[in-house]
There are 2 protein chains.
Amino acid sequence: MTQQKTRREQIYEVAGTLFSERGYHATSMRDLASHLGMQGGSLYAHISGKEELLVELVNQAAAQFDESLMPLREENLSPEEKLREAMGRHIDVVAHNLETATVFFHEWKHLSPEAYKKVTDWRDTIDGLYRDIVREGIEKGVFKPDLDVKMTAYLVLSAVNWTYTWYRPGGKLGARQIADQFADMLMSGLRK
Amino acid sequence: MTQQKTRREQIYEVAGTLFSERGYHATSMRDLASHLGMQGGSLYAHISGKEELLVELVNQAAAQFDESLMPLREENLSPEEKLREAMGRHIDVVAHNLETATVFFHEWKHLSPEAYKKVTDWRDTIDGLYRDIVREGIEKGVFKPDLDVKMTAYLVLSAVNWTYTWYRPGGKLGARQIADQFADMLMSGLRK
DNA sequence: CCTACCGATCGGTAGG
DNA sequence: CCTACCGATCGGTAGG
């Protein structure tokens, strides 16, 4: 019962690989086609153009983050548990979608204005999610009262986002373990 | 006594702006030339080719980091002070060289193999610097004994490197203040 | 999905 | 530093 991939999906997949390795502009449609065993012009029987590929990959990544993180807003967890869980899911999405995540973080500047705006809006939403968790933690007295909400959210986001630059599958630690270690250090600090 | 900039330096400067905004491959030599008020072919009277620009910008950024961070190894500071100081200098370099730092973090994959290797070696050196500080802190009993040195260094590096994505000059906080806030949170944790 | 082709643009050079 | 040009390659299309 192996899922049958449409040719279109195969194209997206190879585009994800190449765009993440070389970047969007350094990948030609002929490169892409040859990796799929076809001629450059044949791609256009399946897709409308190069930008469609970038838009699709970026949307795929954003959708993975959204599906994983957004439901957290409604869940009944303590702020500390919620922050830990958000970090776990966030790194999990990066780890299991390394190529699209890399394209997402690296190539979104090359999108057309409309798609570009969607990404900046999305980023604001994720910022908001983390800031809300921090704010709630302060209000409930579990986080330090003098934390700067924005800076705290940046610190957490740095940790989870930067993983795409160094995480490689097959390492000793899985995504959740990395997130737990980061969360432990962030919660209680490095100092003895 | 305003420093007189050579034409060559002006070219690097504009290349830094354009490469950081649009990316290396999305910037044409004619784009670059027109921003300098000259014709595309005229650039080659001053530089040898497009890649030289990328190599130079990446080297400039690496040199700034090195000059600022490397002397720290010899300084007689407690591990905590040393970590805080490293973060301060690191973010300071990013903040005062935003364009070259962005090119450095974003475009180094497009370097030729030799220049590429220099960057990965450099990155290992910086990793080593932060890991040594963490290790020293554990050995001297000022950091928690059960810290994972590698993960701890990744966490710190995430915070200082990721700044290039969100820091913009003119904000309320200067580089040192950002670093201090990050260091405070990392040292003593978010939990009350 | 291929062949053959389009106009545009690329990095770079020659000669002045 | 400009004019004029080079071969190569780009994204994309027509017709089959």
Side-chain angles (χ1 to χ4, degrees), chain A residues 4-60 99 103 106-116, chain B residues 4-60 99 103 106-116:
Chain A
Q4 144 155 337
K5 273 178 199 148
T6 66
R7 200 68 170 137
R8 195 190 182 91
E9 285 167 338
Q10 290 175 32
I11 295 173
Y12 290 142
E13 201 174 316
V14 177
T17 304
L18 296 180
F19 289 0
S20 68
E21 281 174 359
R22 316 177 182 182
Y24 176 67
H25 279 107
T27 305
S28 75
M29 296 303 273
R30 285 164 179 80
D31 278 344
L32 179 56
S34 80
H35 276 81
L36 289 152
M38 53 166 100
Q39 298 300 316
S42 306
L43 287 168
Y44 295 85
H46 301 95
I47 56 155
S48 67
K50 194 181 184 186
E51 165 143 31
E52 185 200 315
L53 295 173
L54 182 56
V55 170
E56 172 67 22
L57 291 168
V58 167
N59 284 344
Q60 272 181 25
E99 292 177 351
V103 173
H106 246 83
E107 310 293 336
W108 63 276
K109 284 193 177 184
H110 301 120
L111 289 166
S112 64
E114 316 91 73
Y116 182 97
Chain B
Q4 143 155 336
K5 274 178 197 147
T6 66
R7 201 68 171 138
R8 195 190 181 89
E9 286 166 337
Q10 290 175 32
I11 294 173
Y12 291 142
E13 201 174 315
V14 176
T17 305
L18 295 180
F19 290 180
S20 68
E21 282 174 359
R22 315 176 182 182
Y24 177 66
H25 280 106
T27 305
S28 75
M29 296 302 273
R30 286 163 179 80
D31 277 344
L32 179 56
S34 81
H35 276 80
L36 288 151
M38 53 167 97
Q39 298 300 315
S42 306
L43 288 167
Y44 295 85
H46 302 95
I47 57 157
S48 67
K50 194 182 182 184
E51 164 142 33
E52 186 199 314
L53 294 174
L54 183 56
V55 170
E56 172 67 20
L57 290 169
V58 166
N59 284 345
Q60 273 182 23
E99 292 177 351
V103 173
H106 246 83
E107 310 295 336
W108 63 276
K109 285 193 176 184
H110 301 121
L111 290 167
S112 65
E114 318 90 76
Y116 182 97

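Every heavy atom of this structure was used, including side-chain atoms; hydrogens, water molecules and symmetry mates were not. Note on naming: letters A, B, ... go to the chains in the order of the sequence lines (proteins, then strands), and numbering restarts at 1 for each one. Given the structure is predicted, the values throughout are model-derived calculations rather than measurements.
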#### Entry: Sugar-phosphate only, base, or nothing, as touched by B/Gly49 at under 4.0 Å among non-hydrogen atoms
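The answer is sugar-phosphate, as B/Gly49 gets under 4.0 Å only of primed atoms, P, OP1 or OP2.
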### Query
For B/His110, which residues count as a side chain to side chain contact (heavy atoms under 4.5 Å, CB included) partner, sequence neighbours excluded?
A/Ala26, B/Tyr24, B/His25, B/Leu54, B/Glu107
Rounded to whole Å, please give me the gap between [atom1] in [X] and [atom2] in [N].
X	N	atom1	atom2	value
B/Leu43	D/dC2	CG	P	9 Å
A/Leu32	D/dG12	CG	C1'	14 Å
B/Leu54	C/dG11	CG	C1'	15 Å
B/Met29	C/dA8	CE	P	23 Å
A/Lys50	D/dG12	NZ	P	8 Å
A/Glu52	D/dG11	CD	C1'	14 Å
A/His46	D/dG12	NE2	P	16 Å
A/Gln39	C/dC1	CD	C1'	9 Å

### Given DNA chain D, 5'-ward residue of the pair B/Arg30 and B/Arg7, judged by closest heavy atom
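Nearest nucleotide further toward 5': that of B/Arg7.
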### Message
For a quick test of reading the model, state the closest non-hydrogen atom pair linking B/Ala115 to B/Val55 and the distance between them.
### Response
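The pair with the smallest heavy-atom distance is CB-CG2, 4.2 Å.
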### Message
Minimum heavy-atom separation for A/Met29 and A/Leu43, please, with both atom names.
### Response
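In terms of heavy atoms, the two residues are closest at O-CD1, 3.2 Å.
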### Under 4.0 angstrom between B/Ser28 side-chain N/O and C/dT9 OP1 or OP2
no
### Query
According to a strict under-4.0 Å criterion, is B/Tyr44 in side-chain N/O contact with OP1 or OP2 of C/dT13?
no
### Pairing of B/Arg8 and B/Glu52 as salt bridge, 4.0 angstrom limit
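Salt bridge flag = yes for B/Glu52 with B/Arg8.
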### Query
In terms of side-chain geometry, is the basic nitrogen of B/Lys109 or A/Glu21 positioned less than 4.0 Å from the acidic oxygen of its partner?
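No, no charged N to carboxylate O under 4.0 Å.
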### Message
Apply side chain to side chain contact (heavy atoms under 4.5 Å, CB included) to residues A/Ser112 and A/Glu51 and explain how you reach the verdict.
### Response
CA-CA 8 Å; A/Ser112 64; A/Glu51 165 143 31; 3.3 Å; yes
### Query
How is the base pairing of DNA chain D summarised as a dot-bracket string, given the Watson-Crick and G-U wobble criteria with both distances under 3.5 Å, [ ] for crossing and | for another strand?
||||||||||||||||
### Query
Okay, side chain of A/Ser42, backbone of A/Met38: is any donor-acceptor separation there less than 3.5 Å?
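The answer is no, because no donor-acceptor pair under 3.5 Å joins these two groups.
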